[in-house]
Amino acid sequence: PNLLAYTTEQGATGIDEAAEVRRILATRPPVIVTSTRQLEIWNPGSLTALKAALGGYRVIYSVPRADYRTLVYLRRDLPARGVPARVRTR
């Protein structure tokens, strides 16, 4: 969510946003949805935590947007039932 991802939202909730992202990702959610969107307002701590976690995931779906893509990642230890064998990511 934006409250955890954008530097413009830092402090809005009274928590350490990057720590909260790390806590959530430590639970190893089955799916992570993100994007290729390049924004200067990404919270660097949250982004670092996300990038580190994505090593344990694989892209299973990619949807084009205006000038970026929304990506759906599935944890590598889970089967991708009903997902095409080949997913276009660019």
Side-chain angles (χ1 to χ4, degrees):
N2 294 351
L3 286 172
L4 300 177
Y6 294 169
T7 56
T8 54
E9 302 288 344
Q10 279 185 299
T13 61
I15 63 168
D16 177 337
E17 292 85 358
E20 181 64 6
V21 170
R22 288 190 300 275
R23 184 194 68 75
I24 292 166
L25 294 173
T27 68
R28 298 184 64 231
V31 174
I32 296 174
V33 179
T34 187
S35 78
T36 61
R37 196 172 190 183
Q38 300 294 312
L39 296 175
E40 292 189 24
I41 61 169
W42 288 129
N43 178 317
S46 296
L47 189 58
T48 297
L50 176 64
K51 287 180 178 181
L54 288 179
Y57 291 76
R58 65 187 186 279
V59 176
I60 60 165
Y61 193 68
S62 176
V63 179
R65 300 293 183 189
D67 59 346
Y68 64 97
R69 299 186 75 79
T70 294
L71 303 174
V72 179
Y73 289 83
L74 179 68
R75 222 173 54 213
R76 291 188 185 277
D77 64 329
L78 298 176
R81 294 185 199 116
V83 175
R86 184 175 177 187
V87 177
R88 184 174 175 211
T89 59
R90 299 241 184 242

How many angstroms lie between [atom1] in [X] and [atom2] in [Y], if you round to the nearest 0.5 Å?
{"X": "Leu39", "Y": "Leu47", "atom1": "CG", "atom2": "CG", "value": "10.0 Å"}
{"X": "Asn43", "Y": "Leu50", "atom1": "CG", "atom2": "CG", "value": "11.0 Å"}
{"X": "Leu3", "Y": "Ile15", "atom1": "CG", "atom2": "CD1", "value": "8.0 Å"}
{"X": "Arg22", "Y": "Asp16", "atom1": "CZ", "atom2": "CG", "value": "6.0 Å"}

Grouping I, L, V, M, F, W and Y whenever their side-chain heavy atoms are under 4.5 Å apart, do Tyr61 and Tyr68 come out in a common cluster?
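In one cluster with Tyr61: Tyr68, no.
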Which heavy atom in [X] sits nearest to a heavy atom in [Y], and how many Å separate them?
{"X": "Thr7", "Y": "Pro44", "answer": "CG2-CD, 3.7 Å"}
{"X": "Leu78", "Y": "Leu74", "answer": "O-CD2, 3.7 Å"}
{"X": "Gly45", "Y": "Ala18", "answer": "C-CB, 3.6 Å"}
{"X": "Ile24", "Y": "Thr27", "answer": "O-OG1, 2.6 Å"}

Under the salt bridge (charged side-chain N to carboxylate O under 4.0 Å, His left out) test, residues paired with Arg58 that sit two or more places apart:
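For Arg58, no residue satisfies salt bridge (charged side-chain N to carboxylate O under 4.0 Å, His left out) once neighbours in sequence are set aside.
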List the residues meeting salt bridge (charged side-chain N to carboxylate O under 4.0 Å, His left out) with Glu17, not counting sequence neighbours, and say none if there are none.
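Result, salt bridge (charged side-chain N to carboxylate O under 4.0 Å, His left out) vs Glu17: none returned.
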Which residues pass the side chain to side chain contact (heavy atoms under 4.5 Å, CB included) test with Ala52, not counting sequence neighbours?
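For Ala52, no residue satisfies side chain to side chain contact (heavy atoms under 4.5 Å, CB included) once neighbours in sequence are set aside.
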Arg28: side chain to side chain contact (heavy atoms under 4.5 Å, CB included) partners, not counting sequence neighbours
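For Arg28, the residues satisfying side chain to side chain contact (heavy atoms under 4.5 Å, CB included) (neighbours in sequence not counted) are Tyr57, Arg75, Asp77.
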Report the residues that fulfil ring pair (Phe, Tyr, Trp, His ring centres under 6.0 Å) with Tyr6, sequence neighbours left out, ordered by chain and then residue number.
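With sequence neighbours excluded, Tyr6 shows a ring pair (Phe, Tyr, Trp, His ring centres under 6.0 Å) to Trp42, given in chain and number order.
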Answer whether the closest heavy-atom distance between the side chains of Thr36 and Leu71 falls below 4.5 Å.
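Result yes, sub-4.5 Å side-chain heavy-atom pair found.
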Below 4.5 Å, heavy atoms only, C-beta onward: do Leu25 and Ile32 meet side chain to side chain?
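A side-chain contact under 4.5 Å exists here.
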For [X], what residues pass the side chain to side chain donor-acceptor pair (under 3.5 Å) criterion, not counting sequence neighbours?
{"X": "Thr70", "result": "Arg65"}
{"X": "Arg37", "result": "none"}
{"X": "Gln10", "result": "none"}

Would you say Ser46's side chain and Val21's backbone share a donor-acceptor pair under 3.5 angstrom?
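It does not hold such a pair.
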